[in-house]
Amino acid sequence: MAAEVVILGGGVGGTIVANLVAKKSSEKAHVTVVDTTGIHVYQPGFLYVAVGQEQPSALQRPERSLLRDDVTLVIDQATKVDTVARKVLLESGRVLPYDQLLLATGSRTVMDEIPGAGDAFDFYTMSGAVRLAEALEAFEGGAIVIGVAGIPYKCPPAPVEFVFLLDDYLRSRGLREKCEIKLLSPLNRAFTIEATSKLVQPILAERGIELTGFFNVESVDPDARTVHSLEGETVAYDLLVLVPPHRGQKVIEDSALGDERGWVPVDKNTLKHTQFDHIWAVGDTTNIPISKSGSVAHYEASVAAEAIVAAVRGEAPPKHTYDGKVTCFLETGHGEATTIQFDYDHPPVSPTPARRWHWAKALFNKTYWHTVPQGRLP
Ligand SMILES: Cc1cc2nc3c(=O)[nH]c(=O)nc-3n(C[C@H](O)[C@H](O)[C@H](O)COP(=O)(O)OP(=O)(O)OC[C@H]3O[C@@H](n4cnc5c(N)ncnc54)[C@H](O)[C@@H]3O)c2cc1C
């Protein structure tokens, strides 16, 4: 009888693992993906929606269209994992038994953890990006403040990319002279990666984007239009954009599968749960101290898929493990971008921004649907 492989989450990581396990297990496994919405969302595009360069419809496809025919898709929300009986409980009341379970539920944003931030704008959800685009369209001048309200958050360079795209956007509307752009960073630099921060900081200064370091957003006073930091500073704004705090999904917390923020503890190389056999995790949901990014989910997926196939076949764990590889692009505005590449053993490297990296990112964004979810890219 085929082993039951259940995958929670049909995002980047879950979809690749589902397709690879179904392809490589030679019918020794039956793969089921459970996804709350059944819609696969390409989140890197939120940045472009926020500045009016992309339509939400271009960033969504039915998850069914990205899965192999032999993968079963269940559109439902996983509410609890019973690790003793090896069953997943779904919101509808349905129960799915598993032999191998992959947690790929990503992360959720929790803006309400910041007092007063309820009306702040964001580009971390589709609805947030659409609302921000509308606010920017109506904006006629003043201080736009971009702050980070908690680490870790998805795609560490995204706030820096956003301020560069915002600078371009305001210039294109002839509004730049009437606006200030202020980036508040919780660190002593633009974002987590030091080498790339050093590269982009002079460009921020050149474009008149003000960077304030050591500003951990603690609260917002929406009446006074001020944002306050843990360090005791206050900054006034006309339009506030926050990177919301992130945490793991409720199902992880309710099933005691994660830490106090819902991040799943896994071995950073094998991606196996540190406490439970038969449970694996990839992507944003893990507690690995590395970028929460699609690229990480992508590289981890082939490792988890091989491990699950070996477990299903009763074979020894594969030698191929996750080496911490990350590859991503960073838009620097004016039609240029750079890249960031590193792994556990090699520090981040970023080339001088150039047009070719911007075009490489644009090409990747367009070809994503035909390459990544199917596991066609290594
Ligand atoms: C603005 C922005 C820019 C970004 N830019 C980049 C970039 O340039 N490069 C890059 O590599 N990454 C980027 N990312 C990050 C990237 O999108 C995420 O890291 C990636 O999507 C994580 O993949 P995942 O599979 O872990 O989770 P996700 O893709 O988030 O998928 C999780 C899935 O789980 C489902 N789910 C959640 N809870 C449940 C449940 N209880 N039951 C069933 N299903 C559930 C959700 O519906 C979702 O489909 C960006 C993100 C944002 C927001």
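All ligand and atom numbering here is 1-based and tracks the order in the structure. By convention here, the first residue in the shown sequence is residue 1.
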Proximity of Tyr42 and Tyr368 rings by center, below 6.0 Å: yes
Within-cut-off N or O pair, Lys154 and ligand 1, under 3.5 Å: no
N or O contact, Ile39 vs ligand 1, cut-off under 3.5 Å: no
Minimum heavy-atom distance between Met126 and Val41, given as atom pair plus value: CE-CG1, 4.2 Å
Verify same cluster id: Ile39, Val49 (apolar side-chain graph, 4.5 Å): yes
Protein contact of atom 49 (O) of ligand 1 - nearest heavy atom, named by residue and atom, plus distance: Asp35 OD1, 2.7 Å
Ligand 1 N/O within reach of Gly13 N/O, cut-off under 3.5 Å: yes
Closest protein heavy atom to atom 41 (N) of ligand 1, given as residue, atom name and distance to 0.1 Å: Ala78 O, 3.0 Å
Backbone or side-chain N or O of Thr285 under 3.5 Å from ligand 1 N or O: no
Side chain, backbone, both or neither: the part of Tyr42 lying under 4.0 Å from ligand 1 by heavy atom: neither
Atom 10 (C) of ligand 1: nearest protein contact (heavy atom, Å): Gly294 N, 3.4 Å
Aromatic ring proximity Phe123/Phe162, centre distance under 6.0 Å: yes
Atoms in ligand 1 flagged as close to Phe123, the criterion being non-hydrogen separation under 4.0 Å: 1 (C)
Aromatic plane relationship, Phe329 with Phe364 - under 30° parallel, 30 to 60° tilted, over 60° perpendicular: tilted
Sub-4.5 Å side-chain heavy-atom contact between Pro265 and Asp259: no
Any N or O of Thr36 closer than 3.5 Å to N or O of ligand 1: yes
Leu8 and ligand 1 - part of the residue with a heavy-atom distance under 4.0 Å: neither
Atoms of ligand 1, numbered as shown, that sit under 4.0 Å from any heavy atom of Asp76: 43 (C)
From Ala297, Pro244, Cys155, Gly283 - option closest to atom 14 (N) of ligand 1 by heavy atom: Cys155
Those atoms of ligand 1 less than 4.0 Å from some heavy atom in Tyr124: 53 (C)
Gln43 N/O to ligand 1 N/O under 3.5 Å: yes
Location of contacts on Lys292 toward ligand 1, heavy atoms closer than 4.0 Å: backbone
Proximity to ligand 1 by part of Val12, non-hydrogen separation under 4.0 Å: both
Test log, rule salt bridge (charged side-chain N to carboxylate O under 4.0 Å, His left out), inputs Glu300 and Lys292: CA-CA 12 Å; Glu300 288 175 342; Lys292 292 202 179 297; over 6 Å; no
Per-atom contacts, ligand 1 versus Gly106 - under 4.0 Å to a heavy atom: 26 (O), 27 (O), 32 (C)
Residue portion contacting ligand 1 (non-hydrogen atoms closer than 4.0 Å) for Lys361: side chain
Atom indices of ligand 1, in the order listed, that fall short of 4.0 Å to a heavy atom of Gln249: 37 (C), 38 (N)
Ligand 1-proximal atoms of Ala104, by part, heavy-atom distance under 4.0 Å: backbone
